[in-house]
Trainee: 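First the structure, then my questions, so here it is.
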There are 2 protein chains.
Amino acid sequence: MESSQQGSSRKRLLDVSARLFRELGFHATSMRDIARAAGMRPASIYHHFDSKEAILRELMWGFLVELLSSARDAAARAHDARGRLGAIMRTHIRLHATKATLAFVADTELRALQGAAQQEILMLRDRYEELLQDVLRHGVEEGTMHLGDVKLASYQLLAMGTGVVFWWRPEGRLSLEAVVDQYVEAALRMCGIAT
Amino acid sequence: MESSQQGSSRKRLLDVSARLFRELGFHATSMRDIARAAGMRPASIYHHFDSKEAILRELMWGFLVELLSSARDAAARAHDARGRLGAIMRTHIRLHATKATLAFVADTELRALQGAAQQEILMLRDRYEELLQDVLRHGVEEGTMHLGDVKLASYQLLAMGTGVVFWWRPEGRLSLEAVVDQYVEAALRMCGIAT
DNA sequence: CAATTAACCTAACGATCGTTCGGCAGGGAG
DNA sequence: CTCCCTGCCGAACGATCGTTAGGTTAATTG
């Protein structure tokens, strides 16, 4: 039927591309760099992807879809606004920490996508922001949260949370769980919820 | 003595470079792009700068020096940890909002600098982080602030604050003062200070 | 006046870029 | 066996890159 190596080169290309895009940036990474790191020749990449941009597109799209669905699932399991905020933040930090390479690329290289591809990604990001903003709005209406502008607060929360990709390393001083907890607590405090 | 146009081309080059670096990214901006936007030929840029990287270096260095000195001044005018935290955050948001183009480039293009130039910038950033961490440490020791890990908290505060460059526009819905206030309040809440 | 210098130019350098073309090996299908 | 498809390759395409060499102009200086 199909080779046991099915898709292994493709996956390796995605892996090394993500790593190089993070280390050097999309535009500073050449197809020759990617080919070398994946153990093949530049021309061979085009058997798996239409273009360099298509690689970036798939990386970013994959991460954002996972981020969005994880957040939806987590929020659905909680019963009130406070629980949903905590669940979303917990998922956000976890995913950004454990998939830091992908998260970094997704958060940094939006400019490198063109036209429709960029719009697709922006749509996913907007839906993600709205998910959080809905929770915050409910919290304010319930009276459990106290904030000024809801959109502004969502930008504050997301910028803070996304920042974990810039410094956390699994082999570092702080464990993932400790880090996640402090981020969740910071989020709750920011929204005027005592812990 | 000296021409009234002294340095005007140089300044214009820095301005258009910052704008292009923000819009397209450093590596996606060519010297020809910069020259066209500044109204001169590519070769003429080299009368004012040694290289494309030298332009980025000057942009980033200039912004970080101003950021650091502004924060020091602001912190020195306050009398306790809480006041110093508020002053630093206020300055941080103000500067990132009013000089969003420079701030964006300084926060995004560190990878594009090489070797010693990158180290110089990292040193400035480290000093800035330490300034904030000292304030947080004092606040915890005084008992006015309640946080887990101080370094982690500083990363949270800075990531949150820096995020203002990604969305705020002067012609937008929220005034600079309203935005600054909400960021400062968020920072104080995050550190366990009731307002 | 002559000499110098700042500011800019045209033209081109070698390098590298993303991508394409045509082909080759090899395993499964008919 | 033949045919075809997958995966990869060498070689090269035209374009663009950062940068430089060498010159022109106009203003300043001694």
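Atoms considered below: every heavy atom in the structure, side chains included; atoms not considered: hydrogens, waters and symmetry mates. Proteins get letters first, then strands, A, B, ... in listed order; numbering begins at 1 in each.
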Trainee: Applying side-chain hydrogen bond (donor to acceptor under 3.5 Å, both in side chains), can you list everything that pairs with A:Asp15, at least two apart in sequence or on another chain?
Mentor: none
Trainee: Can you list, in residue-number order, the parts of residues 17-35 of chain A that come under 4.0 Å of DNA chain D, counting heavy atoms only?
Mentor: A:Arg32
Trainee: For residues 45-89 of chain A, which residue pairs pass the ring pair (Phe, Tyr, Trp, His ring centres under 6.0 Å) check, not counting sequence neighbours?
Mentor: A:Phe63-A:His96
Trainee: Starting at CG of A:Leu136, measure out to CZ of A:Arg84 and round the result to the nearest 0.5 Å.
Mentor: 11.0 Å
Trainee: Does a side-chain N or O from B:Ser9 land closer than 4.0 Å to OP1 or OP2 of C:dC8, or not?
Mentor: yes
Trainee: For residues 151-164 of chain B, pull every pair meeting salt bridge (Lys or Arg N to Asp or Glu O under 4.0 Å), keeping only residues two or more places apart or in separate chains.
Mentor: none
Trainee: Can you tell me which residue pairs pass the ring pair (Phe, Tyr, Trp, His ring centres under 6.0 Å) test with a partner in residues 100-124 of chain A, sequence neighbours excluded?
Mentor: A:Phe104-A:Phe166
Trainee: According to the salt bridge (Lys or Arg N to Asp or Glu O under 4.0 Å) rule, which pairs have a member within residues 158-175 of chain A, sequence neighbours left out?
Mentor: A:Arg173-B:Asp149
Trainee: Using ring pair (Phe, Tyr, Trp, His ring centres under 6.0 Å) as the criterion, list what pairs up with A:Phe26, not counting sequence neighbours.
Mentor: A:Phe21
Trainee: So if I take residues 39-55 of chain B and measure heavy-atom distances to DNA chain D, which residues fall below 4.0 Å?
Mentor: B:Ala43, B:Tyr46, B:Ser51, B:Lys52
Trainee: Figure out the CZ/P separation between B:Arg10 and C:dA6, and round it to whole Å.
Mentor: 14 Å
Trainee: Show every ring pair (Phe, Tyr, Trp, His ring centres under 6.0 Å) that has at least one partner inside residues 107-146 of chain B, sequence neighbours left out.
Mentor: B:His92-B:Tyr128
